[in-house]
Number of protein chains: 2
Amino acid sequence: MGTREQIVAAADRLFYEHGFEHTSFAAIAEAVRISRGNFYYHFKTKDEILAAVIASRVEATREMLRSWADESGDPAERIRLFIRIVVTNGPDIRAFGCPVGTLTAELAKLRHPSRPEATALFTLFRDWLGEQFTALGHETDADAMAMHVLTFSQGVATLANAFGDEDFVRREVDRLEAWLATC
Amino acid sequence: MGTREQIVAAADRLFYEHGFEHTSFAAIAEAVRISRGNFYYHFKTKDEILAAVIASRVEATREMLRSWADESGDPAERIRLFIRIVVTNGPDIRAFGCPVGTLTAELAKLRHPSRPEATALFTLFRDWLGEQFTALGHETDADAMAMHVLTFSQGVATLANAFGDEDFVRREVDRLEAWLATC
DNA sequence: GTCTATAAGCTGATAGAC
DNA sequence: GTCTATCAGCTTATAGAC
């Protein structure tokens with residue numbers, strides 16, 4: 001892995017764990033074990049790193065959605081794979097929340113120019129879920145149902161982070177899977 | 001209103017709109033129109049201001065819950081008053097998210113000592129909602145139902161902030177009110 | 001490509017006059 | 001209680017040697 005990719009990977013993790021603004025160049029440089037000076041050879045501004053991190057997350061998300069589509073041809077099962085992320089990534093979510101939700105919220109407060117790109121991460125999930133609901137025969141309200149599933153995931157992530165309660169997550173997952181079964 | 005209260009009120013709003021870390025002493029001082037030096041007569045550290053802001057929010061929340069209880073004796077109607085905050089405070093929520101959810105998420109990433117106090121804001125709503133569900137005869141799962149309503153509100157707030165979509169909020173409110181009617 | 005050295009600015013925080 | 005003046009430290013960012 002080249003230095004640039006290492007920087008993006010380290011920044012991605014640090015932005016998630018500590019937030020974008022709270023993460024300094026020094027912290028990223030230390031994580032990658034390069035000097036702050038060398039850092040600026042690869043990225044001229046902090047905003048450039050953020051753009052690269054978001055682009056990297058977009059690619060990783062696309063890859064994950066592809067792998068879910070490969071894993072099952074059943075749209076309902078694909079949606080369940082999404083619903084269960086809050087369990088699969090339980091420890092990270094309890095510690096740091098949802099990487100997409102917390103980033104979009106922070107960039108909104110900072111009025112950051114990269115905010116639309118962060119929101120586009122949500123749109124990837126939204127459109128993919130919409131396609132699955134369409135395949136289930138819910139053409140007219142596929143998008144509303146996709147948004148409902150996203151609402152669930154964001155609510156669960158925020159409260160799992162606040163209360164650190166694994167059982168709560170399990171209950172909400174069961175509830176939404178029961179709802180999905182009636183669709 | 002005394003200077004101290006003005007500082008707390010200005011900090012409260014700025015923490016909400018720009019985030020805790022992104023809000024500088026200079027910005028608060030400017031909003032209250034006092035010098036940075038005078039600032040330190042009232043608060044010795046930034047963390048002290050945060051503690052005062054959270055305490056102020058706790059009091060405001062208690063007052064709001066009291067007023068809701070006064071407004072209606074029907075537990076289901078009281079819960080609806082909570083559910084509809086995402087509509088009532090629609091413009092603020094679309095612009096800055098939920099004041100409780102975004103603060104707890106930020107303090108978690110900062111590993112801030114006041115994090116438990118911020119989470120206690122959630123607990124106020126959780127307990128109050130739980131009391132209403134208990135009054136509706138759901139003794140055994142009143143807390144789970146309270147958490148479900150909180151999950152809704154946090155999910156809606158996060159996505160309303162990301163997409164700025166008023167119709168989405170309306171749809172999710174209708175959906176949860178329909179669920180409540182079956183309880 | 002990577003380093004050291006350093007600049008310029010903002011941050012939270014203090015001292016002391018009025 | 002409010003002010004001005006100031007501090008040390010950290011931040012992003014640059015210059016230039018190797």
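In what follows, chains are A, B, ... by sequence order, proteins preceding strands, each numbered from 1.
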* **Whole-Å distance separating the CZ atom of Arg4(A) from the C1' atom of dG1(C)** => 14 Å

* Flag the pair His112(A) / Asp47(A) as yes when at least one side-chain heavy-atom distance between them is below 4.5 Å, and no otherwise. => yes

* To do: Report yes if the side chains of Leu103(A) and Ile54(A) come closer than 4.5 Å at any heavy-atom pair, otherwise no.
  => yes

* Evaluate side chain to side chain contact (heavy atoms under 4.5 Å, CB included) for Glu172(B) paired with His148(A), printing each intermediate quantity in order. => CA-CA 7 Å; Glu172(B) 286 297 318; His148(A) 182 62; 2.9 Å; yes

* Asked: With a 4.5 Å limit on heavy-atom distance, are the side chains of Glu106(B) and Lys109(B) in contact?
  -> no

* Asked: Would one find a side-chain N or O of Tyr41(B) under 4.0 angstrom from OP1 or OP2 of dT2(D)?
  -> no

* Asked: Is the NZ or CZ atom of Arg126(B) both under 6.0 Å from the centre of the six-membered ring of Phe163(A) and within 45° of that ring's axis?
  -> yes

* To do: Go along nucleotides 4-18 of chain C 5' to 3' and tag each nucleotide: B for a protein heavy atom under 4.0 Å from its base, S when only backbone or sugar atoms are that close, - otherwise.
  => B------SSBB----

* Asked: Of all the nucleotides listed (dC3(C), dC3(D), dT2(C)), which has the minimum atom distance to the side chain of Ile34(A)?
  -> dC3(C)

* Asked: Which whole-number value in Å describes the distance from Glu5(A) CD to dG1(C) P?
  -> 12 Å

* Spacing between Phe39(A) atom CZ and dA15(D) atom P, to the nearest angstrom -> 18 Å

* Nearest-Å distance, CZ (Arg33(A)) to C1' (dC3(C))? -> 17 Å

* Just by modelled atom types, is the Arg80(B) backbone N or O under 3.5 Å from a matching donor or acceptor in the Glu177(B) side chain? -> no

